[in-house]
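To keep things clear, I will list the structure first and then write my remarks on it.
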Amino acid sequence: MASNKTGPLISIQKALEIILKQVKGTRTRALSPLDAVGCVLAEDVISPDRLPRFSQSAMDGYAVRSEDTSEGKPVLLKVAFSVFPGDSIENLYLKNNEAFEITTGAPVPDGADAVIILEDVEKKNGTIEFRKKVKKGANIRMEGDDIRIGDIAAKKDTVIIPAMVGLFGALGIKSVNVLAPPEIGIITTGSELVSPEDEPGKYQIRDSNEWSLVALLGTMGIKPVFTKRFTDTKGSICNYLESISNMPDMFVLTGGVSVGSHDYVKEELQSFGVETLFWRVSQKPGKPFYAGVKDKTMFFGLPGNPAAVIVCFYIYIRSAIRKYMGKQPFTLHEINAELDSEAKPDKSRTSFIRARYENNRVAPLKGQDSHMLLSFSNANALIVLEPKDKPCKKGEQVRAYLLDNQG
Ligand code: AMP
Ligand code: MG
C-alpha cells in the first residue's frame with residue numbers, strides 16, 4: 001500500500017468496492033419512455049395494443065383475391081377503387097375479378113387476401129393484366145403479427161434503448177416504471193471561481209468542473225437537481241447542507257479536499273454529520289478523492305483539478321450511478337493496445353494517462369498534468385499504468401479504458 005506523511009492511500013479497487021457497497025435502495029419511478037432511455041425496467045411492460053394495428057399492404061401494388069390469380073396464363077382484373085394509407089375501408093368489399101390499387105401501409109379491404117406488386121402487372125385503361133399466381137396472404141402484413149394485446153412488449157430488468165422507445169410509441173405506452181436515476185447535487189468550491197458564463201477578474205478562473213460534471217451526467221441522461229458554487233469559507237457548505245429539506249441521493253463536490261489550509265470540504269461534511277468512507281486513493285490524477293455517507297446520501301469530494309474530476313467521474317461516480325440504476329456498475333471497455341510513444345508511470349500510484357486510441361494503438365497525449373484540460377478534450381481512452389520506476393517504451397502492450405463518451 002502506498003503512503004506518505006498524511007497516512008495510507010487505498011487502492012482504486014478498494015475505493016470502488018467501498019463505494020459500491022454503500023450504493024443501495026433503487027427507487028422505482030414512472031417516467032415517460034422519452035425520459036427513460038438508459039433506465040432499467042422495474043417490471044414487464046404488457047402490450048395494450050397490437051402491431052400492425054390492422055392488416056395492411058406491405059408493398060405498392062394491387063389488392064386481389066388470390067383465387068383470381070394464376071400462373072402463366074394472363075389474368076385481367078378491373079381496378080375498382082384505390083386505397084391509400086390513412087383511408088377508411090369501412091363498407092368496402094373486393095368482388096371477384098376486381099382489384100384495388102393499394103400502397104404500402106394502406107388497410108387491406110375485406111374480400112382481398114393478397115397483394116400483387118406493381119412491378120408484376122401491366123396497366124391497361126382501368127384494368128391490370130398479369131401472369132402470376134399470388135398466394136393467399138402474399139405481401140400483406142397481418143394484424144398482430146409483430147405483437148398482440150397482452151404480450152410482453154419489454155421485459156423487467158432490461159435497459160430501455162431508443163428502439164424500445166419507438167415500440168412504446170407505436171403501442172401508445174405513455175409511462176413505464178423504471179429504476180430511477182439518483183438525484184444528484186453538484187457543489188464546486190474555490191474562492192477563485194466564477195461561472196463559465198461570467199467574465200473572470202484578473203486572478204479568477206472559470207468554473208470548468210461544473211460544466212464537465214453537468215455534461216458527464218448528461219451522457220447518462222441525468223440532470224443535476226442543482227449546481228452550487230462556494231468560496232473557501234468555513235461554515236458555508238455545512239450551513240447550506242443544513243438548509244436543504246430534500247436531500248439528493250448523491251452530492252458531487254469539487255475542490256477543497258486536499259491538505260491546503262483553505263481546504264475545508266472534509267471538515268464541512270464532517271460537521272454536517274457525514275461519515276467518512278475513505279480519503280485519498282493511490283492514483284494519479286485524483287489522489288485526494290474523498291467519499292462519505294450520511295443516511296442515504298453519498299458524498300463524493302473530488303479534487304479541484306479539472307482532469308482529476310473527469311477521471312474520478314469515469315471510474316467511481318459513473319459506476320455508483322449505474323449501480324444505483326440497477327445496471328452493471330463498471331463498464332468502461334478495457335483493451336490491451338500497443339503504446340505509440342513512451343509513457344511515464346508514477347513511482348507509487350496508478351496513473352491514468354489521457355490518450356488517443358486507434359487501430360489497436362494507443363498514443364499518450366501531450367499535457368498530462370492534472371490541471372490540463374486540452375488533452376482530455378482530445379482523448380478517447382485512458383491508459384492505466386501500474387506504479388513503476390522506469391518509463392513504458394513505445395511498442396509495449398498497455399492496458400487502457402475506452403471512453404465512449406456516451407455514458
Ligand atoms: P483544490 O482541489 O481546491 O486545491 O484545487 C486544485 C486546482 O484546481 C486549483 O488550481 C484550482 O484553482 C483548480 N480548480 C478548483 N476548482 C475548480 C473548478 N471548479 N474549475 C476549474 N478549476 C478548478
Ligand atoms: Mg481550492
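Both ligands and their constituent atoms are indexed starting at 1 by order of listing.
Note that CZ of Arg349 and CZ of Arg280 are 9.0 Å apart. Values are rounded to the nearest 0.5 Å.
Aromatic ring centres of Phe376 and Phe352 lie farther apart than the 6.0 Å criterion allows. Centroid-to-centroid, the aromatic rings of Tyr401 and Tyr314 stay 6.0 Å apart or farther. Aromatic ring centres of Phe100 and Tyr93 lie farther apart than the 6.0 Å criterion allows.
Protein residues lining ligand 1, listed by chain and number: Thr189, Glu192, Leu193, Ile205, Arg206, Asp207, Ser208, Asn209, Thr254, Gly255, Gly256, Pro303, Gly304, Asn305, Pro306 [non-hydrogen atoms, distance under 4.0 Å].
Relative to the six-membered ring of Phe278, Lys14 misses at least one condition, a distance below 6.0 Å or an angle of at most 45° to the axis.
Between Leu402 and Ala381 the shortest heavy-atom distance is CD2-CB, 4.2 Å.
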